[in-house]
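Presented below is the structure to which this report refers.
Proteins get letters first, then strands, A, B, ... in listed order; numbering begins at 1 in each.
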Number of protein chains: 2
Amino acid sequence: MGNKTQELKNILDTNNYKLTSQRDLILQILADNEGEHLSAEEIYNIVKQRDSGIGLATVYRTLELFGELGIVQQLNFDDNCRRYELEENNNEHHHHLICIDCGAVIEFNDQILEEFETDLEKKYDFLVTEHSIKFYGYCENC
Amino acid sequence: MGNKTQELKNILDTNNYKLTSQRDLILQILADNEGEHLSAEEIYNIVKQRDSGIGLATVYRTLELFGELGIVQQLNFDDNCRRYELEENNNEHHHHLICIDCGAVIEFNDQILEEFETDLEKKYDFLVTEHSIKFYGYCENC
DNA sequence: AAATAGAACGAAAATGATTATCACTACCTA
DNA sequence: TAGGTAGTGATAATCATTTTCGTTCTATTT
Ligand SMILES: [Mn+2]
Ligand SMILES: [Mn+2]
Ligand SMILES: [Zn+2]
Ligand SMILES: [Zn+2]
């Protein structure tokens, strides 16, 4: 059992879910495509190449579950579908610059925003658990 | 012709669109509900009280048009529908804290983020035209 | 190893917000 | 007044996502 697989099994066990070949495969695909921001449909198409019997509903269900377990992050680039990427295991968030011309996605990390977030929490007596930060515009090629 | 209506007419004229009773009414509803973040359906229900003949498609079309003309801002609070609010005429953006328990939405302005954005633009040679910034968590009551 | 209970799955139908279509109306201009 | 066109309302279409339901797999107990 591979390293990634064992880690997945641990998380699933802890939360009373079972390790299945479909879940394992979907995780591998996500890992193999680090840096991409794939939609469920795109993941489905890749997964099908290795397991032609898999169902689209299972892909959706698995991504939903992975989201709840903190394994993946769900993204919304306003292109009419949800996108997914592996959550990084260290707690170094990153966010996205999205080119509205060519669709390129650039990642940046958000150390600087930490302070801003803390200030907001105090000011509004609000406990931030998550944030979504996106900048839209034109990349260097466009 | 009211003040708001005249202003709307000016914008529409400039862009070769016509002032219609439906467009006027939808703008009024948005203005009457400043601070809310209404969905198309919610706007439709309010609008219907004053013009029972209006169609839902017209509400969608008008909101789309208003978005293009910079009259409204389109928001996505990840609750499965687009939401709308009037763009402020001064150029003071604001963003949102969204309570994942009770749904409360708190607004904050983003002076501090200006600098951050400028840094990003330089660092990645990227021209930012728009940004979406949301914090999710628990409000003071939850 | 067989039996069993419950979790997970695949196919297909359902959902629901949004968009497209199309016939009709309102408005403008000649 | 007639003709051209933008805008509208009803309705159908779209399409990502969710739900349903009968079947299959997994883990556990005999
Ligand atoms: Mn990313
Ligand atoms: Mn707001
Ligand atoms: Zn680009
Ligand atoms: Zn709350």
Side-chain angles (χ1 to χ4, degrees), chain A residues 1 5-6 8-27 29 37-69 71-84, chain B residues 1 5 8-9 11-27 29 37-69 71-84:
Chain A
M1 191 181 294
T5 302
Q6 183 60 58
L8 175 61
K9 178 163 168 43
N10 290 343
I11 297 174
L12 291 172
D13 280 352
T14 305
N15 296 88
N16 286 112
Y17 292 107
K18 301 189 171 157
L19 177 65
T20 65
S21 64
Q22 292 90 340
R23 287 172 179 170
D24 191 25
L25 181 52
I26 290 170
L27 182 73
I29 297 303
H37 303 88
L38 303 171
S39 67
E41 191 96 28
E42 287 166 354
I43 292 168
Y44 173 60
N45 287 326
I46 298 173
V47 160
K48 250 196 318 197
Q49 295 168 10
R50 292 219 236 157
D51 174 0
S52 60
I54 201 167
L56 179 56
T58 297
V59 174
Y60 274 103
R61 275 188 293 238
T62 301
L63 291 170
E64 173 71 17
L65 177 64
F66 283 5
E68 284 166 20
L69 298 178
I71 295 171
V72 302
Q73 194 167 2
Q74 303 186 337
L75 307 169
N76 181 346
F77 291 168
D78 296 295
D79 64 345
N80 205 36
C81 66
R82 229 170 289 157
R83 296 184 169 277
Y84 301 84
Chain B
M1 192 181 291
T5 303
L8 175 62
K9 179 162 167 46
I11 298 174
L12 291 171
D13 279 352
T14 305
N15 296 87
N16 286 111
Y17 292 107
K18 301 190 171 155
L19 177 65
T20 64
S21 62
Q22 292 88 341
R23 287 171 180 170
D24 191 25
L25 180 52
I26 290 170
L27 182 73
I29 297 304
H37 304 87
L38 302 172
S39 67
E41 191 97 28
E42 286 166 353
I43 292 167
Y44 173 60
N45 287 325
I46 297 173
V47 161
K48 252 196 318 196
Q49 294 169 10
R50 291 220 235 155
D51 174 0
S52 61
I54 201 168
L56 178 56
T58 296
V59 174
Y60 273 103
R61 275 188 295 240
T62 301
L63 291 170
E64 173 71 15
L65 178 64
F66 284 4
E68 285 166 16
L69 297 178
I71 296 171
V72 302
Q73 193 167 3
Q74 304 185 338
L75 307 169
N76 181 346
F77 290 168
D78 296 294
D79 64 344
N80 204 36
C81 66
R82 231 170 287 157
R83 295 182 170 278
Y84 302 84

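Taking atom CG of A:D24 as the reference point, atom P of D:dT26 lies 12 Å away to the nearest angstrom. Atoms NZ (A:K9) and C1' (C:dA7) sit 14 Å apart, rounded to a whole Å. Here the C1' atom of nucleotide D:dG7 and the CG atom of B:L8 are 14 Å apart, to the nearest Å. Taking atom CG on A:N15 and atom P on C:dA7, their separation rounds to 14 Å, with Å as the unit. Distance, B:D78 CG to D:dA16 C1': 15 Å, rounded to whole Å. Straight-line distance from the CG atom of A:L65 to the P atom of C:dA7: 13 Å, rounded to whole Å. Across the protein-nucleic acid pair, A:L25 atom CG and D:dC25 atom P stand 16 Å apart, rounded to whole Å. The distance between atom CG of A:D51 and atom P of D:dC25, rounded to the nearest whole Å, is 11 Å.
Residues satisfying the side chain to side chain donor-acceptor pair (under 3.5 Å) criterion with A:D13, sequence neighbours excluded, are A:K9. Partners of B:R61 under the side chain to side chain donor-acceptor pair (under 3.5 Å) rule, at least two apart in sequence or in another chain, are B:T58.
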* Take B:L8 and B:I71, measure what side chain to side chain contact (heavy atoms under 4.5 Å, CB included) needs, and give me the verdict at the end. => CA-CA 9 Å; B:L8 175 62; B:I71 296 171; 3.8 Å; yes
* Assess whether side chain to side chain donor-acceptor pair (under 3.5 Å) is satisfied between A:Q6 and A:N10, documenting all intermediate values. => CA-CA 6 Å; A:Q6 183 60 58; A:N10 290 343; 3.1 Å; yes
* side chain to side chain contact (heavy atoms under 4.5 Å, CB included) evaluation trace for A:L65 with A:R23 -> CA-CA 10 Å; A:L65 177 64; A:R23 287 172 179 170; 3.6 Å; yes
* Applying side chain to side chain contact (heavy atoms under 4.5 Å, CB included), run through A:L12 and A:K18 and close with a yes or a no. => CA-CA 6 Å; A:L12 291 172; A:K18 301 189 171 157; over 6 Å; no
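Regarding contacts with the backbone of D:dT26, every side-chain N or O of A:T20 stays at 4.0 angstrom or more from both OP1 and OP2. Distances shown here put a side-chain N or O of B:Q22 below 4.0 Å from the OP1 or OP2 atom of D:dG9.
Of the residues listed (B:H37, B:E42, B:Q74), the one engaging B:R83 in a side-chain hydrogen bond (donor to acceptor under 3.5 Å, both in side chains) is B:E42, and it is the only one.
Nucleotides of DNA chain D nearest to B:S52 and B:L19 differ in position, and the one nearer the 5' end is that of B:L19.
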* Structure fact -> Each nucleotide of nucleotides 18-30 of chain C classed B (base within 4.0 Å of a protein heavy atom), S (only sugar-phosphate) or -, in 5' to 3' order, makes BBBB---------
